[in-house]
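Okay, so here's the structure we're looking at.
From a predicted model like this one, the values you see are computed outputs, not experimental measurements.
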Amino acid sequence: MERKKSKTNLLQKFAEKFKKKKRSKSASMSRERGSEMSRRPRRPSRSASKTKVSGGNKEGGSPNASAETKSKIDLMEVTAKGIKSKESKEKKSSGKKKKEKENLPTPTKTPSTMALRRTDSQMEVSQNNRCVERQMKIWIDSLEKMDIRKVLETEYDGIEKMKAEAEKCQVFEKKLDQCSSEFIELLDANRVKGGGENKDFFYHGSVLNCLTTPPKTTVLAQLPLIDNAESLEAFWLMVAAQKIQRIYVLAGEEEFDKRQLSDYFPDDFKEHKTIRVNHRKTLPKTDDQLNNQLYYEVVPKDCAEAPFCMVEICDFWEDGRVPVKDYGRIATTAASVFDSDIDADASCGIVSFYGAGRTGAFLVGALAIEKLRSGEQPNYKELGTCIRSQRPGAIEVLSQYIFSHTIGLTYGMKHCKDAGLKTRIEKIIAQFETFACAKMAEEEEEDSSSNATNTNTCE
């Protein structure tokens, strides 16, 4: 019994010791935690609590519980405010970025794009030169094998026989007082016409559909009669109605002086009955500028639009003759007729005193250049027939038809790199020049003899 009691006492003592150790261990750990918590800096409250905690110390609730709920509410409020403010800031910043993007100027011509455009244009020029040179080789080969004099006389004989029927020129017969010559007819089918109130105006000009790709319209017309106010007005009505943006005036160096030129094309502002013409600027002829250029604003009355028209004075072609110099200048001017700098629905005009012989030959040369550019052989007989069928009297004499070949040949020689080919082209041009001058002398003799017979009959 004593042994059993001693054993139980020992066990009790051991259990009490174990409990004491456990309590001391837990107390030390709690003290360590408390000291760590006390060493930590206290977090300052970001916002005062706005909520009231119900059931605090009055109802026997612990103060710790009320503090915990209060801190939870404060934290929720703070985080909600932070999220809202963040969202509003993000919206404002995104709106500012959008505005900045909208206000930023879009670069139209950066150095890289300009360089690319230059290279593209250079590639186009080189490709055009290769195309022209290829066609020139074929053309020169065929010209060297043929009898130029015989072939051209035969071709022009067919063009010269093309006459206009009187039945197709009825309006022309009624308006002879507004025409420079009674021998150069005007077809009713393609004569220039206006629109609206001015649809019945008359002017001696023809609208031609040329053999180009894409098709482009060209107007061949006479210069207006200076002493006829109706003719002067009708000329500018034609410009507005046909949307003519460029006019080539073919004349000689001494064909009209400055005073006469201002009668045709005013230096300042000119008002007619139904149209106003305003001279804006003049570009004089220089080494780089081949011809004098006059810029006009053509404004029909009661019309909102004010189209511009450039008048180019080409003083290299005298009446009744063919040029014997400035072949490069003439070829370059002819090459600009079908340039792409005018609007697609616009047209160009070629005018002279009668608007037939010189204008037709000049247009044939321009069309031949356009054929070479597009990689085709210029068929002068086809081109001359096309122009003469739409404009009676165009390419009036054989010398003009011969010289139209010189325009195309000079342009082709300028765009060839092969020195041997250039030499061959120069020889062909010399043959055409000799032939044209000889024919021009014959035509002048015929004119003088016919004038002498006319004066004798009148006497």
Side-chain angles (χ1 to χ4, degrees), residues 131-162 211 316-318 320-335 356-389 393-416 418-447:
C131 185
V132 170
E133 188 168 5
R134 197 181 307 117
Q135 294 302 321
M136 286 302 296
K137 286 179 182 177
I138 302 168
W139 190 17
I140 294 301
D141 288 341
S142 62
L143 287 174
E144 287 176 342
K145 294 174 183 177
M146 69 170 63
D147 185 350
I148 294 175
R149 183 181 293 266
K150 186 178 180 180
V151 170
L152 265 62
E153 284 178 347
T154 306
E155 288 179 356
Y156 183 73
D157 187 51
I159 295 171
E160 190 180 23
K161 289 177 180 177
M162 298 175 68
L211 301 173
F316 48 65
W317 202 324
E318 293 182 12
R321 299 179 64 84
V322 293
V324 292
K325 62 178 182 178
D326 292 336
Y327 291 169
R329 177 189 171 197
I330 296 167
T332 305
T333 305
R358 288 175 285 182
T359 56
F362 182 75
L363 179 57
V364 168
L367 288 169
I369 291 171
E370 194 68 12
K371 291 290 182 183
L372 288 171
R373 282 171 167 174
S374 59
E376 300 178 39
Q377 279 292 300
N379 187 335
Y380 272 85
K381 183 183 177 181
E382 183 183 1
L383 296 175
T385 304
C386 174
I387 301 304
R388 186 66 173 262
S389 64
I395 322 169
E396 194 174 8
V397 289
L398 176 58
S399 61
Q400 294 172 348
Y401 181 67
I402 298 166
F403 184 76
S404 65
H405 289 71
T406 307
I407 296 174
L409 288 166
T410 304
Y411 176 84
M413 183 178 67
K414 185 181 176 182
H415 290 77
C416 288
D418 189 354
L421 181 59
K422 281 189 172 183
T423 305
R424 291 167 62 194
I425 296 171
E426 285 177 353
K427 289 180 180 178
I428 295 293
I429 290 174
Q431 292 181 34
F432 275 95
E433 184 181 5
T434 304
F435 185 26
C437 290
K439 278 295 171 185
M440 182 172 61
E442 292 177 12
E443 290 157 4
E444 286 177 349
E445 287 180 6
E446 289 176 4
D447 289 341

*Which atom pair, heavy atoms only, marks the closest approach of Ser399 to Ala436?*
CB-O, 3.8 Å
*Please tell me if the side chains of Phe362 and Thr333 come closer than 4.5 Å, counting only heavy atoms from C-beta onward.*
yes
_Would you compute the distance between atom CE of Met136 and atom CG of Leu421 and round it to the nearest 0.5 angstrom?_
6.5 Å
*Looking at Leu383 and Ala368, what are the two nearest heavy atoms and their distance?*
CD1-N, 3.9 Å
_Checking Ser404 against Ile395 for the side-chain contact (heavy atoms from CB on, under 4.5 Å) test, could you report, in this order, the C-alpha distance in whole Å, the side-chain angles of both residues, the deciding distance, and whether it holds?_
CA-CA 9 Å; Ser404 65; Ile395 322 169; 5.9 Å; no
_Measuring only between side-chain heavy atoms, which start at C-beta, is Val322 closer than 4.5 Å to Ile402?_
no
_Any heavy-atom pair between the side chains of Phe432 and Leu152 that's under 4.5 Å?_
yes
*Between atom OG1 of Thr385 and atom CD1 of Ile159, what is the distance when rounded to the nearest 0.5 Å?*
4.5 Å
_Arg373 vs Glu370 side-chain heavy atoms within contact, under 4.5 Å_ = yes
*Do Arg358 side-chain atoms and Trp317 backbone N/O form a donor-acceptor pair below 3.5 Å?*
yes
*asked:* Can you give me the closest heavy-atom contact between Ala366 and Ala334, atom names plus distance?
replied: CB-O, 3.4 Å
*asked:* The test is side chain to side chain donor-acceptor pair (under 3.5 Å); show your working for Lys381 and Thr154 and say whether it passes.
replied: CA-CA 10 Å; Lys381 183 183 177 181; Thr154 306; over 6 Å; no
*Interatomic distance, Leu143 atom CG to Ile138 atom CD1 [nearest 0.5 angstrom]*: 12.0 Å
*Answer yes when Asp141 and Arg424 have at least one side-chain N-carboxylate O distance shorter than 4.0 Å, and no when they do not.*
yes
*Consider only side-chain N and O atoms of Gln135 and Gln377, and report whether a donor and an acceptor are under 3.5 Å apart.*
yes
*How far apart are the C-alpha atoms of Tyr401 and Arg388, what are their side-chain angles, what is the distance that settles it, and do they pass the side chain to side chain donor-acceptor pair (under 3.5 Å) test?*
CA-CA 11 Å; Tyr401 181 67; Arg388 186 66 173 262; over 6 Å; no
*Can Ile387 and Leu367 be said to form a side-chain contact (heavy atoms from CB on, under 4.5 Å), step by step?*
CA-CA 10 Å; Ile387 301 304; Leu367 288 169; 3.8 Å; yes
*Side-chain contact, heavy-atom cut-off 4.5 Å: Lys161 with Tyr156?*
no
_Parallel, tilted or perpendicular, as decided by the 30° and 60° cut-offs, for the rings of Trp139 and His405_ = tilted
*Could you tell me whether a side-chain N or O of Asn379 sits under 3.5 Å from a main-chain N or O of Glu382, the two making a donor and an acceptor?*
yes
*Would you confirm whether Glu155, through its side chain, and Tyr380, through its main-chain N or O, come within 3.5 Å as a donor-acceptor pair?*
no
*asked:* Less than 4.5 Å apart, side chain to side chain, heavy atoms only: is that true for Arg321 and Met440?
replied: yes
_side-chain contact (heavy atoms from CB on, under 4.5 Å) for Leu398 and Glu443? Distances and angles first, verdict last._
CA-CA 9 Å; Leu398 176 58; Glu443 290 157 4; 4.0 Å; yes
*Looking at OG1 of Thr410 and CD of Glu426, how far apart are the two atoms once the value is rounded to the nearest 0.5 Å?*
10.0 Å
_On a heavy-atom basis, which atom in Ala361 and which in Gln400 lie closest, and how many Å separate them?_
CB-O, 3.6 Å
*Would you call Lys150 and Asp147 a salt bridge, using N to O less than 4.0 angstrom?*
no
*asked:* Please report the interatomic distance CZ(Arg134) to CG(Leu372), rounded to the nearest 0.5 Å.
replied: 12.0 Å
_Can you give me the closest heavy-atom contact between Ala331 and Ile369, atom names plus distance?_
O-CD1, 3.6 Å
*asked:* Side chains of Met162 and Ser389, heavy atoms from C-beta outward: is any pair under 4.5 Å?
replied: yes
*Step by step, work out the side-chain contact (heavy atoms from CB on, under 4.5 Å) result for Glu433 and Phe403.*
CA-CA 7 Å; Glu433 184 181 5; Phe403 184 76; over 6 Å; no
*Answer whether the closest heavy-atom distance between the side chains of Glu396 and Glu160 falls below 4.5 Å.*
no
*What closest approach, in Å, do Val324 and Cys437 show between heavy atoms, and which atom pair accounts for it?*
CG1-SG, 4.0 Å
*Atom CZ of Phe435 and atom NZ of Lys439: how far apart are they, to the nearest 0.5 Å?*
5.5 Å
*Using a strict cut-off of less than 4.0 Å between a Lys/Arg side-chain nitrogen and an Asp/Glu carboxylate oxygen, indicate whether Asp418 and Lys422 qualify as a salt bridge.*
no
